[in-house]
Colleague: 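Next up is a structure, given as structure tokens.
We name chains A, B, ... by the order of the sequence lines, and we start the count at 1 in each one.
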Number of protein chains: 2
Amino acid sequence: MDGDTREKIREVALELFSTRGFDQTSLREIAERVGLTKASLYYHYPSKQALLTAIVAPLVEGWQSITEIAENMPHTPANVREVLARTLDVMLRNRALAGIFLRDPAGVVAAAGTLWEDMIDMGARLTSWLAGPAPTMAERLRAIAAMEVLGAALSSVTYLKEEVSDEEMREVLLDSAIGALRL
Amino acid sequence: MDGDTREKIREVALELFSTRGFDQTSLREIAERVGLTKASLYYHYPSKQALLTAIVAPLVEGWQSITEIAENMPHTPANVREVLARTLDVMLRNRALAGIFLRDPAGVVAAAGTLWEDMIDMGARLTSWLAGPAPTMAERLRAIAAMEVLGAALSSVTYLKEEVSDEEMREVLLDSAIGALRL
DNA sequence: GTCTATAGTGGGATAGAC
DNA sequence: GTCTATCCCACTATAGAC
């Protein structure tokens, strides 16, 4: 079962990257947990960077699609709400993945510069759409603030010991983000 | 001038840690920019970790004092506003420093575990105070969201090319954080 | 597909001369 | 206080047997 091994590797790597950080995680650690040797990892992924890329790519894609959708919508209150909701969904769906970026942005940048720049770019475009056409500085700051509120979906893991359902997060944070926008 | 060298080292290290990340910054790089050799750094700071600690300590202290002040206040709307304003001030005063945590949390954790746990602890206590006594889950999520909005003071650097004055940030973000709280 | 063994690199840190 | 020289270690990555 070849695909299984590859998948197991990605799973373990995701777990370790997102808790210890990318740089702090060695291939030896990953190999140990999977039950292989380091060398065998290289059979499945040609480099540590390739492994990271394989794990992270889906998030970048989700992010891209939502950005494109947003940019083809007129900036109305209803659409703002819609875009915020979709963005929140992407974040919730990729909660584990996001830990990688939260733990070690610098390591990710160094290893996968282009991917990272894509993420930054998407974030900037989404934020800029949220701010509306010809925004004032205050509007731009509030747009950033609203995006940060959605980010709370991720960082909340640090502060909350109990599990929170996706539904509750969706509801409360969407409302809170709109509050931050001061619409 | 001994103190000057130490200060220069801290300055350069702060600059590099907060742009490249802690782990990604080698002592050789720091030494080069300061105009010294690696070995000479060790005369001034006994380890890379000690250097990090020296740089970061002031922020932790500011954070601690504000937490203690908050916890001795009754949870009224006016006090909530006051605490948010003070927290925002601490963040704005330490904008450069914050980059260290944003770039490479994992590296900082690994190097300065205790300090980091202090920060997490303060964050948790402040957030918990903000949520009010016997809070519902929604109130706790909104408190986290409000704190994230203040964090926008820091991450905004990534998105905004122009400079924003501290005054404008203070005004807009405080208002936005209160919006996120849904008071 | 997995292993053992090892090359090659770069980092933090130390010894000791000046 | 600063230097040169060096140690030691952990890591990524590769070579080649099975």
Colleague: With sequence neighbours left out, what residues match B:Arg182 under side chain to side chain donor-acceptor pair (under 3.5 Å)?
Modeller: A:Asp175
Colleague: Apply side chain to side chain donor-acceptor pair (under 3.5 Å) to A:Ser26 and list each qualifying residue two or more places apart in sequence or on a separate chain.
Modeller: none
Colleague: I'd like a list of close polar pairs between nucleotides 11-16 of chain D and the protein, N/O only, cut-off under 3.5 Å.
Modeller:
| from | atom 1 | to | atom 2 | distance (Å) |
| --- | --- | --- | --- | --- |
| D:dT12 | OP1 | A:Leu27 | N | 3.4 |
| D:dT12 | OP1 | A:Lys48 | NZ | 3.2 |
| D:dT12 | OP2 | A:Leu27 | N | 3.1 |
| D:dT12 | O4 | A:Lys38 | NZ | 3.3 |
| D:dA13 | OP2 | A:Tyr42 | OH | 2.8 |
| D:dA13 | OP2 | A:Lys48 | N | 3.0 |
| D:dA13 | O5' | A:Tyr42 | OH | 3.3 |
| D:dA13 | N6 | A:Lys38 | NZ | 3.4 |

Colleague: Could you list the residues that satisfy side chain to side chain donor-acceptor pair (under 3.5 Å) with B:Asp118, not counting sequence neighbours?
Modeller: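 Result, side chain to side chain donor-acceptor pair (under 3.5 Å) vs B:Asp118: none returned.
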Colleague: C:dG1, D:dC3, C:dC3: which one has an atom nearest the side-chain heavy atoms of B:Ser40?
Modeller: D:dC3
Colleague: Whole angstroms only, please: what is the CD1-P distance between B:Ile30 and C:dA13?
Modeller: 11 Å
Colleague: Take atom CZ of A:Arg6 and atom P of C:dT2, then tell me their distance rounded to the nearest Å.
Modeller: 12 Å
Colleague: Taking only residues two or more places apart in sequence or in another chain, which ones pass side chain to side chain donor-acceptor pair (under 3.5 Å) with B:Glu15?
Modeller: none
Colleague: When the distance from CG of B:Leu36 to C1' of D:dT2 is rounded to whole Å, what number comes out?
Modeller: 7 Å
Colleague: Using distance alone, with no hydrogens and no angle criterion, decide if A:Gln24 and B:Asp23 have a side-chain donor and acceptor under 3.5 Å apart.
Modeller: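 Per modelled atom types, A:Gln24 and B:Asp23 side chains form a pair under 3.5 Å.
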Colleague: Starting at atom CD of A:Glu32, determine the distance to atom C1' of C:dT4, rounded to an integer number of angstrom.
Modeller: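 A:Glu32 atom CD is separated from C:dT4 atom C1' by 16 Å.
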Colleague: Sequence neighbours left out, what pairs pass salt bridge (Lys or Arg N to Asp or Glu O under 4.0 Å) with at least one residue falling in residues 130-154 of chain A?
Modeller: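 Listed by first then second residue: A:Arg140-B:Glu162.
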Colleague: How many whole angstroms separate atom CD of A:Glu7 from atom C1' of C:dG1?
Modeller: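 That distance rounds to 18 Å.
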